[in-house]
2 protein chains.
Amino acid sequence: MTESRGSTHAKRAAYDLRQRIVKGEMPGGTRLYEVALAEELEVSRTPVREAMSRLAEEGLLERAKGGGFVVRSFTYADVIDAIELRGVLEGTALRLAAEAGAPDEKLEPLKALLCEIDASFGADGAPPNLELYAGLNGEFHDLIVGLCPSHIVRSELERVKSLPFASPSAFVFRNRQSKAMMESLVIAQAQHRAMVAAVEGREGARAEALAREHARIARQNLEKKALDNAEPDPALALIVD
Amino acid sequence: MTESRGSTHAKRAAYDLRQRIVKGEMPGGTRLYEVALAEELEVSRTPVREAMSRLAEEGLLERAKGGGFVVRSFTYADVIDAIELRGVLEGTALRLAAEAGAPDEKLEPLKALLCEIDASFGADGAPPNLELYAGLNGEFHDLIVGLCPSHIVRSELERVKSLPFASPSAFVFRNRQSKAMMESLVIAQAQHRAMVAAVEGREGARAEALAREHARIARQNLEKKALDNAEPDPALALIVD
DNA sequence: CTGGCCTGAATTGTATACATCTTGGTGTAT
DNA sequence: ATACACCAAGATGTATACAATTCAGGCCAG
């Protein structure tokens, strides 16, 4: 086909649908009609159903009573809660990692990454590259959560992070007021280092507390955004309230 | 049809499949073939696919590379982790409830339920009714989590609890050694009362710590079981390791 | 022996026709 | 006015034929 990626029609349909949902077309509560979507996406009803099922697994849709799917509604409070929950789960992941002990060969790449992150926002005076920072930040979160020995905790965390507004790098940029933003980056990076140190030193409680506090930065940025109410953040497109 | 419940073929198929999985037929890693299942369940492939999608949403199946579904594998360690995770999430739910404050009209039913639970295990000398206790215990957990103002936290907790070995009343009975078991019930009930008191008194940290420790009772019971290795617990049927 | 590549049987992916259910509206009797 | 039954349109549920993909096994060339 011409656009979107995926090897099967169902995966392409899921991709397209996901895009439309997170972009805010189809606000929360919108019912998805198989026939209409099948026409729009130019496939039959079968892959559309398959796609909707996949998005339900991701938590973007929910099954309606009497059949069919509805776009899940998220309020501003849900965004706050999702960030809190991410902090709780990352905290648990780090605590378990600390309690179990992390091998040096897995800690080394993390420390290397920390230095890369330093460079990305111009710790040496170079101009900050926020795109790059966001990417490296996401990578850092993936790596450090990878230290957690529990499949279950990791997969539930993955699930929460799949919500576009709950990902670690959801609200990093957009504040071009370089002063406050730079300070927030410095603080975040200090917490990054402390989290690694806590896991390395098997300080479970410290690691957990740090991860929770770290997630609060996202919440702060969000609340700052809400006050400024500048251009609406794309990560908030599917928020109804 | 003759057996199982549900109004559509897909729901019945999902129910049947779920039963077979949690009973331990089809151990973790088993691949599910649509045609074979369609014949066994006496429906066409379409509702079978639908059923598998639903079970994937529940976390009982996972999508295999190259299509199809596989029964999710759970190890003994996963059971431990799932119980830990339930404790963490219940703790978060209670902390948020405590921080937000719970109205008296929602606390009253909880306190009434606590008295019913007292009666169920013969606090007054009557013989303990473990069936009844397990039911009331589950009800208690539902009610107290219902105090949490966050949809997101509640729904993720619901998801974890849907794993048969992670539910609050998974390992309450089976230890007929009445002495140790009775003591564990007394402790659990004391924690129940403390959790309600902590939420009522807006003591978030206390409520969270209590919920986590409370979940450890399930872990203790499980580990005791593992040592005794008496008849295998049905809640553990789908464990592979 | 090993690597790559056929090839075909088994399996899932897709389209579509038909069956069933859900829902909202309408009419009627109370 | 209200309650109820009923109907029709539209939606999802189901079966099935056919297409495309996957994977294992054997074959051949190196």
Side-chain angles (χ1 to χ4, degrees), chain A residues 1-21 25-73, chain B residues 1-21 25-73:
Chain A
M1 294 298 161
T2 87
E3 63 166 339
S4 49
R5 62 191 177 202
S7 51
T8 72
H9 288 173
K11 285 177 185 165
R12 276 191 288 268
Y15 179 83
D16 286 358
L17 253 182
R18 189 185 300 108
Q19 292 298 99
R20 293 175 61 168
I21 291 170
E25 326 170 20
M26 327 185 90
T30 304
R31 174 144 191 185
L32 302 181
Y33 295 102
E34 296 178 3
V35 284
L37 281 174
E39 287 174 11
E40 292 175 32
L41 301 175
E42 299 180 288
V43 292
S44 78
R45 283 173 54 207
T46 310
V48 170
R49 286 173 77 101
E50 172 74 13
M52 293 195 295
S53 178
R54 286 168 185 262
L55 296 185
E57 282 174 46
E58 290 179 24
L60 247 42
L61 302 181
E62 53 191 4
R63 290 182 190 271
K65 64 151 192 175
F69 293 84
V70 169
V71 178
R72 191 162 161 201
S73 301
Chain B
M1 297 294 166
T2 88
E3 62 166 341
S4 51
R5 62 190 179 202
S7 50
T8 73
H9 288 173
K11 284 178 186 165
R12 276 191 287 268
Y15 179 82
D16 287 357
L17 254 183
R18 189 186 299 110
Q19 292 299 99
R20 292 175 62 168
I21 292 171
E25 328 170 18
M26 327 185 92
T30 304
R31 174 145 189 185
L32 301 182
Y33 296 102
E34 296 179 3
V35 283
L37 281 174
E39 285 174 13
E40 292 175 32
L41 301 175
E42 298 182 286
V43 293
S44 79
R45 283 174 54 209
T46 311
V48 169
R49 286 174 78 99
E50 172 73 13
M52 293 194 297
S53 287
R54 287 169 184 262
L55 296 185
E57 285 171 41
E58 289 179 26
L60 248 41
L61 302 181
E62 52 192 5
R63 292 180 189 273
K65 65 152 192 177
F69 293 85
V70 168
V71 178
R72 191 161 161 201
S73 302

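Every heavy atom of this structure was used, including side-chain atoms; hydrogens, water molecules and symmetry mates were not. Just so you know, these numbers come straight off a predicted model, no measurement behind them. Order of the sequence lines sets the chain letters (A, B, ...), proteins ahead of strands, with each chain counted from 1.
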Exercise. Taking Watson-Crick and G-U wobble pairs with both distances under 3.5 Å, convert DNA chain D into its dot-bracket string, 5' to 3', dots for unpaired and | for cross-strand pairs.
Key: ||||||||||||||||||||||||||||||
Practice problem: Strictly below 4.0 Å, heavy-atom distances to any atom of DNA chain C: list the hits from residues 48-67 of chain B, or just say none. | Solution: B:R49, B:G67
Practice problem: Find which nucleotide of DNA chain C each of B:V35 and A:R31 is nearest to by heavy atoms, and output the residue with the more 5' nucleotide. | Solution: B:V35
Please find the pair of heavy atoms, one from [X] and one from [Y], that lie closest to each other, and give the distance.
| X | Y | answer |
| --- | --- | --- |
| A:S7 | A:R12 | O-NH1, 4.0 Å |
| A:F69 | A:A56 | CE2-CB, 3.8 Å |
| B:A13 | B:P47 | CB-O, 4.4 Å |
| B:A10 | B:A51 | O-CB, 3.6 Å |

Rounded to whole angstroms, how far apart are [atom1] on [X] and [atom2] on [N]?
| X | N | atom1 | atom2 | answer |
| --- | --- | --- | --- | --- |
| B:L32 | C:dT12 | CG | P | 9 Å |
| A:F69 | C:dT22 | CZ | P | 16 Å |
| B:Y33 | C:dA9 | OH | P | 18 Å |
| A:E34 | C:dA17 | CD | C1' | 15 Å |

Quiz prompt | Close side-chain approach of B:M26 and B:L17, heavy atoms under 4.5 Å | solution = yes
Quiz item: Does anyone know the first and last nucleotide of DNA chain D in reach of chain B, 5' to 3', at under 4.0 angstrom to a heavy atom?
Solution: D:dG13 to D:dC23
If you look only at distance, which donor and acceptor atoms sit under 3.5 Å apart when one is on a side chain in residues 59-66 of chain B and the other is two or more places apart or in another chain?
residue : atom : partner : partner atom : Å
B:R63   : NE   : A:E57   : OE2          : 3.1
B:R63   : NH1  : A:E50   : OE2          : 2.8
B:R63   : NH2  : A:E57   : OE2          : 2.6

Quiz item: Residues two or more places apart in sequence or in another chain: which of them pass side chain to side chain donor-acceptor pair (under 3.5 Å) with A:R18?
Solution: A:E58
Anything under 3.5 Å between a donor and an acceptor, one on a side chain of residues 29-39 of chain B, the other on a protein residue two or more places apart or in another chain? List them.
residue : atom : partner : partner atom : Å
B:T30   : OG1  : B:P27   : O            : 2.5
B:R31   : NH2  : B:G67   : O            : 3.0
B:E34   : OE1  : B:R45   : NE           : 2.8
B:E34   : OE1  : B:R45   : NH2          : 2.9
B:E34   : OE1  : B:R49   : NH1          : 3.4
B:E34   : OE2  : B:R49   : NH1          : 2.8

